[in-house]
Amino acid sequence: MKPESLMMSYGYKPELSEGAIKCPIFQTSTFVFKSAEEGKAFFEVAYGHRQKNEGEELGLIYSRINNPDLEILENRLTLWEGAEDCAVFESGMSAITTVLLEFLKPGDLLLISNPLYGGSDHFIKKILPKFDINIAEFRVGQAKEEVIKIIESSGCADKLALIYIETPANPTNDLIDISCSKEIAKQFSTNDREVYLAVDNTYMGPIWQHPLKHGADLVLYSATKYIGGHSDVIAGACLGSSDLIKRVKGLRTFLGNMASPNTGWLLLRSLETLKARMDIQASNAVKVAEFLSKHPLVEKVYYPGNLTESDGEQYNIKIRQCITNGGMISFDVKGSESEAFKFLNALKLIKLAVSLGSTESLAEHPATMTHSDVDAQLRKELHITEKMIRLSIGVENYEDIIWDINQALDSIGN
Ligand SMILES: *Cc1c(COP(=O)(O)O)cnc(C)c1O
């Protein structure tokens, strides 16, 4: 069956919870063992002192290690993209930073794409160097040969350990080729050292893009965004092979940044409507982008749906990688910061807030908000201009969203 048909039931046995149709919140720190022998057996598996026996599940021990709300959530999340395993976290940043810390060690080289989410960018450029990790960067649009040159000229190409990319890039919707990034990772891998590829797939969510199918080793999510989808919870997730997720969960146990039972329960509820919500968001976005593209006060629209064959490689990547055009649209108004601010201040239905992927439509000003920490020169080169607005399209009636945008654009002239 399709994942959306399984989101209400997969991995949950009502008979283990008094017949409750929904998984209760297992608000408990620890679990009672039936016997000392059972406790011993659970710990042997949890700490990797022996392999699981045929059909043996990891027993419930302590909520920093495992909890039913988290386990069921992790199992359901794997279904959308056919991942072997998943680890959930109390924020997207904790998922991302745990992966970076697990797969990098002092002296290693990390290759990143640009632009990255502000929090990831800060952790990579300001905190990882304290651990003696070297960073090399490439930009959207750079060809494979150029990226290889960047790695080779870093002086530590033989220490490349991880490639970390984000596509579509926030807020410009520029695309990065996942399979090409994997080819680069393979080229720098040796028999005793595999270079892994991690992809932050938050912008497309688990429905619209499946990085594992294009060669990614790890997929990361801010589950705060589309997966949570209601602007009421902060959470994160990482998916990949059993072997790699075992490492991620190992570090998570000792950092203690797993999701809480309550967060797990909220996300289980969100997953039931994930497909329905995202379908509406994607189809609303098509209508909004169409409207913006024709409006005389709009200078440029940044939306994968506007790519045509004349855009060359960007168009080809979109056709290969993206299942829809997504629900995020950025656009430049004619003018500058003051025109952009007039627009934002005039919105009535759409809320002026950062974050994305939620049921309600949101608008923000990347240059002075989400991306204000990006170096000014780099910001300019990445086309994150003073006149750019970023929209996250929600599930409202699209005619109302367009009505609101239209009246806010009208107000620029006043
Ligand atoms: C929001 C976001 C994050 C960080 O997630 P949190 O849940 O806020 O910690 C990481 N990457 C992207 C692309 C995001 O949009």
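This structure is a prediction, so every number in the text was calculated from the model and none was measured. Just follow the structure's listing: the first ligand is 1, and inside any ligand the first atom is 1. Hydrogens, waters and symmetry mates play no part in the numbers below; they use all other heavy atoms, side chains included. Residue numbers run from 1 in the order of the sequence given.
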* What residue and heavy atom of the protein are closest to atom 9 (O) of ligand 1, and at what distance? -> M93 N, 2.8 Å
* Would you say I96 touches ligand 1, if touching means a heavy atom closer than 4.0 Å? -> yes
* Structure fact -> Any heavy atom of N170 under 4.0 Å from ligand 1? The part involved is neither
* Considering heavy atoms of the protein only, find what lies nearest to atom 11 (N) of ligand 1 and give residue, atom and distance to 0.1 Å. => D200 OD2, 2.7 Å
* Taking the side chain as every heavy atom from C-beta outward, state whether Y164 and L116 have any pair of such atoms under 4.5 Å apart. => yes
* Asked: Counting each atom of ligand 1 from 1 as listed, which ones have a heavy atom of S222 under 4.0 Å away?
  -> 1 (C), 2 (C), 3 (C), 4 (C), 5 (O), 6 (P), 7 (O)
* Asked: Between N173, T172, D332, D174, which is the residue that forms a side chain to side chain donor-acceptor pair (under 3.5 Å) with Y302?
  -> D332
* To do: Could you find the nearest protein heavy atom to atom 2 (C) of ligand 1 and give me its residue, atom name and distance?
  => K225 NZ, 2.5 Å
* Indicate yes or no: does an N/O atom of A223 lie under 3.5 Å from an N/O atom of ligand 1? => no
* **Pairwise side-chain contact, M7 with L79, heavy-atom cut-off 4.5 Å (strictly under)** => yes
* What part of S355, side chain from CB on, backbone N/CA/C/O, both or neither, has a heavy atom under 4.0 Å from ligand 1? -> neither
* Any donor-acceptor N or O pair under 3.5 Å, side chains D200, S120 -> no
* Asked: Nearest protein heavy atom to atom 7 (O) of ligand 1, by residue and atom, and its distance?
  -> T224 OG1, 2.6 Å
* Asked: Looking just at side-chain N and O atoms, do T368 and E337 make a donor-acceptor pair shorter than 3.5 Å?
  -> no
* No-hydrogen, no-angle side-chain donor-acceptor test under 3.5 Å, Y203 and N170 -> yes
* Contact atoms of ligand 1, heavy-atom distance to G92 under 4.0 Å -> 5 (O), 6 (P), 7 (O), 9 (O)
* Is the backbone N or O of V374 less than 3.5 Å from a side-chain atom of D121, with the two atoms forming a donor-acceptor pair by type? -> no
* Asked: Can you list the ligand 1 atoms lying under 4.0 Å from a non-hydrogen atom of E166?
  -> 13 (C)
* Mind checking whether Y203 has an N or O less than 3.5 Å away from an N or O of ligand 1? -> no
* **A235 to ligand 1, any heavy atom closer than 4.0 Å** => yes
* Asked: Among protein heavy atoms, which lies nearest atom 8 (O) of ligand 1, and at what distance?
  -> Y117 OH, 3.9 Å
* Asked: Got a donor-acceptor contact below 3.5 angstrom from the Q281 side chain to the S358 backbone?
  -> yes
* Answer yes or no: does atom NZ of K159 have more than 12 heavy-atom neighbours from other residues, nucleotides or ligands under 6.0 Å? => no
